[in-house]
Visitor: 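One structure is given below, represented as structure tokens, and several questions about it will come after.
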Amino acid sequence: MNRYLLSVLSISVAAGFGLAVSVPMVSNHAMAQGWQPKKPVELVIMAGKGGGADRLARFIQGIIEKHKFASKPFVPINKGGGSGAEALRYLKDRAGDPHIIMATLNSYYTTPLRNPGLGVDVSKFTPIARMAEDTFQLWVHSDTNIKTVDDYVKAVKSAGAVNWKMGGTGKGQEDSLVTRMLEKKFGIKVTYVPYKGGGTVAKELIGKHINSTVNNPSEQAGFWEAGKSRPLASFTPKGKLSGRFGKIPTFEELGYGSDMVYYMQRSIIAPAGIDREVQAFYVGVFDKVYKSAEWQGYIKKKGLIPGWLTGQALTDYFIAEREAHRGLLKAAGEIK
Amino acid sequence: MEVFALLVDGFVITFEPLNLALVIAGVVVGLFIGAMPGLGSVNGVAILLPMTFLVPPTSAIIFLAAIYYGAMYGGAISSIMLGIPGASTAVATTFDGRPLALKGLADKALVAAATASFVGGTISIVLFTLFALPLAGVALAFGPPETFALMMLAFATFIGLAGDDIPKTLFSIFIGLVFSAVGLDIISGEPRLIFGDITGFYHGINFLVLAIGIYGIGEMLWTIETSQGDVMMSKATVTFQRVFDNLRELRASAKTMIMGSFLGYFVGILPAAGATPGSLMAYGVAKTMAKDPDSFGKGNVDGVVAPEAANNAASTGSMLPMLTLGIPGSPTTAVLLGGMVIWGLEPGPLVFVDHPNFVWGLIASLYVANLFALFINIGFVPVFIWVLKLPFTILAPIIFVLCVIGGYVPTQDMHDVWLMLIFGVAGYLMRKLDYPMAPAVLAIVLGPLAEPALRQSLIGSHGDVMIFFERPISGTIMAVAIILFALPLIKFLNNLRKR
């Protein structure tokens with residue numbers, strides 16, 4: 001037994017040494033008064049490890065750690081089951097708990113709409129902050145002759161629904177709703193092939209296993225830069241994107257109306273029934289994250305739209321978006 | 001050649017004092033994380049990711065990659081010593097590693113695992129160094145039909161195990177497939193098989209829960225029954241002389257090692273596959289190739305060598321799509337990819353051009369990490385052996401606690417701990433009835449990869465199964481798979497007729 005302990009201990013000591021090399025653990029950073037977390041904060045992620053939502057949440061966690069915006073660490077926990085249903089239920093059951101927050105995406109509305117049995121009303125959660133809105137573009141492979149939306153519509157029509165494969169994330173999720181918008185607007189039909197994540201979708205386009213995608217900018221940026229893919233139009237209002245992504249025409253600019261707009265919200269929320277001071281603490285932390293050079297740089301580089309929202313305004317936004325999604329899901333035949 | 005000039009630059013970076021210290025620290029941390037059941041490299045890398053802000057990106061990736069690597073070595077340790085897979089990638093190592101330990105040959109298994117890991121790691125890094133960019137094209141060529149064909153090949157290697165009871169093998173595979181179907185169906189977006197509305201089933205059944213249950217708890221129950229009060233598990237003694245003898249004897253396994261390395265590497269570079277399927281497939285192939293397939297599962301060194309060579313090779317392989325395509329080849333590289341974004345690097349086709357120091361520093365560090373991991377592992381073998389000399393009355397509670405931790409950590413849900421215990425009892429009963437377990441584990445790993453690939457292919461072809469045979473790559477793989485399926489079936493039917 002002693003020897004077993006010895007071997008475990010020696011490994012632990014070695015591991016501890018490793019940590020010591022890499023982390024000078026300084027946490028004597030005294031914070032301002034008000035509520036402070038008494039233990040590590042759970043940062044629930046509504047998606048699995050490695051996806052876009054996960055990467056973003058870990059990026060935010062990184063910013064908090066780097067600048068010591070909080071006296072206790074934020075620990076990401078993935079609850080991706082059932083398109084976020086698991087995460088929503090988890091948060092509902094933790095009402096009043098001050099040591100848990102969640103990073104959301106659009107399944108925040110669509111999952112409760114599709115599963116009324118969950119008994120989750122998202123307007124009941126405590127709003128913390130909307131950090132940005134992610135955008136969508138229509139992408140094709142750069143080897144094709146398709147250079148404009150017109151070319152695209154012609155190509156889809158001449159190929160026919162059977163031969164035109166649109167890749168995207170799971171059915172009823174963002175990509176499929178955007179695809180539905182596209183089909184309705186241009187009177188086209190495509191074969192929709194669902195994949196597990198946006199990154200895989202991007203790769204499938206480059207490997208020519210599918211004909212087009214509606215990826216987020218961050219998913220296609222690398223391939224675009226390498227000249228492998230081509231954006232045709234952006235599902236944003238004009239003038240909202242800057243830099244490289246600002247040069248992509250929007251559907252509105254191309255004269256297809258102002259309704260061809262869709263966003264993925266990136267927000268932080270807390271369970272229902274937490275104290276005002278607790279809410280204020282989290283709003284303060286994320287305000288600092290939002291204003292950090294890292295976050296502002298990320299938004300610009302990855303084609304997100306900045307848009308800080310908090311308090312009642314954020315709840316109102318959630319309610320408005322939920323109703324919009326109710327309409328979209330009905331139009332797509334996903335709910336009655 | 002240009003590649004060598006770049007590699008030399010990479011070594012210069014790796015041998016900077018900070019980076020070298022990080023490689024060593026990373027390997028040690030990784031060994032520990034890998035050896036702890038449930039705490040695989042994914043968790044280790046995710047936990048330590050924020051700490052990498054304190055060093056430059058190249059040092060950060062070197063540290064995290066060393067952890068990833070160390071964990072691949074470490075996973076084998078608890079698989080062999082305690083019969084609990086330390087990480088998902090080490091499940092296949094349990095199949096033969098544990099029986100070897102029970103026979104008093106744990107030192108042999110540990111040395112074989114470390115050596116095979118080293119060979120697999122080194123072969124794959126050489127391949128990575130020489131052919132990184134052309135191989136990225138292979139990853140791109142793999143669409144849903146190719147992925148499905150590959151999965152069929154994997155199943156075929158497991159059915160094609162001459163001598164096994166085919167109906168029982170099939171039963172085991174189907175049980176695994178049913179379990180793998182629990183959770184969200186990504187194609188329809190609906191939750192399936194959640195038994196009314198049990199939230200714990202929303203995330204599906206994590207296959208580690210099944211593997212730890214069957215191999216940890218089930219194995220423990222089995223040992224309690226068979227040892228019948230004989231509390232000493234093993235009479236293993238170890239000297240450095242024996243370690244060297246073991247090393248010499250391993251020459252007989254060279255072929256298996258090389259097979260495992262290449263297979264693991266190629267499976268690893270396919271996005272989303274990762275090291276676990278690679279190691280399971282290598283095990284299946286090793287058994288099919290062997291002269292005495294019956295000895296597998298009862299303590300054949302080749303059964304340790306093949307998966308260990310493959311999982312290390314695959315872990316290097318899965319870095320390839322991460323770097324060149326920005327697509328993770330495994331859950332761990334998905335987290336590393338997140339890290340690259342945080343460090344301000346754009347993973348993708350241009351990373352080799354824009355950040356040569358980062359890429360070549362990483363590649364060179366993997367050579368060094370491998371060498372360290374080998375030395376540390378072999379050096380520790382005598383220490384590990386002492387654990388086996390503990391009376392089982394002490395070891396059993398430790399195994400039980402580790403199993404519970406291992407069941408909880410991946411999803412942090414008590415539901416999975418109960419499930420793991422149920423699987424443990426069920427696994428014990430299945431074993432009493434002489435059902436093979438490995439196929440069930442294989443099925444729950446490959447099911448979630450095979451099913452979407454099958455359905456995506458059929459959506460694309462509008463239900464025409466010819467899509468699997470028309471395309472050159474998937475057609476070839478499918479043909480091999482069908483032959484492998486058919487051979488034992490014909491043999492089995494022949495035997496039936498003769499009887």
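To find a chain, count down the sequence lines: A is the first, B the second, and so on, and within it residues start at 1.
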Visitor: Compare all side-chain heavy atoms of B:P144 with those of A:V193 and state whether any distance is below 4.5 angstrom.
Guide: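 Side-chain contact under 4.5 Å: no.
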
Visitor: Can you tell me if A:K301 has over 12 outside heavy atoms packed within less than 6.0 Å of its NZ?
Guide: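 Count over threshold, so yes.
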
Visitor: Mind checking what makes salt bridge (Lys or Arg N to Asp or Glu O under 4.0 Å) contact with A:K92, not counting sequence neighbours?
Guide: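 Partners of A:K92 by the salt bridge (Lys or Arg N to Asp or Glu O under 4.0 Å) criterion come out as none, since no residue qualifies.
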
Visitor: Going by ring pair (Phe, Tyr, Trp, His ring centres under 6.0 Å), name the residues that satisfy it together with A:Y298, two or more places apart in sequence or in a different chain.
Guide: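 A:Y298 satisfies ring pair (Phe, Tyr, Trp, His ring centres under 6.0 Å) with A:F59, A:W295 once adjacent residues are dropped.
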
Visitor: Using every non-hydrogen atom in the two residues, find where A:K203 and B:L140 come nearest and quote the distance to one decimal.
Guide: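 Taking A:K203 first and B:L140 second, the nearest heavy atoms are O-CD2, 3.6 Å.
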
Visitor: Heavy-atom pairs under 4.5 Å with chain B - which of A:G170, A:G172, A:S176, A:A226 has more of them than the others?
Guide: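 With the most close heavy-atom pairs to chain B, the winner is A:A226.
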
Visitor: Which answer fits A:K208, side chain, backbone, both or neither, if we ask what part of it has an atom under 4.5 Å from a heavy atom of chain B?
Guide: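 For A:K208, there is no contact with chain B at all, as no heavy atom is under 4.5 Å.
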
Visitor: Which residues in residues 83-90 of chain A have a heavy atom less than 4.5 Å from any heavy atom of chain B?
Guide: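 At a heavy-atom separation under 4.5 Å, chain B is reached by A:S83, A:A85, A:E86, A:R89.
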
Visitor: Where on A:A57 is there a heavy atom nearer than 4.5 Å to chain B: the side chain, the backbone, both, or neither?
Guide: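 Contact with chain B involves no heavy atom of A:A57 at all.
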
Visitor: Give, as side chain, backbone, both or neither, the part of A:E204 having an atom under 4.5 angstrom from any heavy atom of chain B.
Guide: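 The side chain, not the backbone.
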
Visitor: Mind checking what makes side chain to side chain contact (heavy atoms under 4.5 Å, CB included) contact with B:I187, not counting sequence neighbours?
Guide: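 Expected list: A:P194, B:D185, B:R455, B:Q456, B:I459.
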
Visitor: Does the side chain of A:L118 reach to within under 4.5 Å of the side chain of B:Y202, using non-hydrogen atoms?
Guide: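 Yes, side chains in contact.
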
Visitor: Crowded around A:K228 NZ? As in, over 12 foreign heavy atoms under 6.0 Å?
Guide: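 Counting other residues, nucleotides and ligands, NZ of A:K228 stays at 12 neighbours or fewer.
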
Visitor: May I ask you to decide if B:S457's main-chain N or O and A:H209's side chain share a donor-acceptor pair within less than 3.5 Å?
Guide: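 No: the side chain of A:H209 does not pair with the backbone of B:S457.
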
Visitor: Using heavy-atom distances under 4.5 Å, tell me whether B:A139 contacts chain A through its side chain, its backbone, both, or neither.
Guide: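 Only the backbone of B:A139 comes within 4.5 Å of chain A.
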
Visitor: In terms of heavy-atom pairs under 4.5 Å, which option from A:R114, A:K196, A:Q173 contacts chain B the most?
Guide: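 When all of A:R114, A:K196, A:Q173 are compared, A:R114 has the most.
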
Visitor: Given heavy-atom pairs under 4.5 angstrom as the criterion, report whether the side chain, backbone, both or neither of B:P452 touches chain A.
Guide: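 Answer is neither: B:P452 stays 4.5 Å or more from chain A.
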
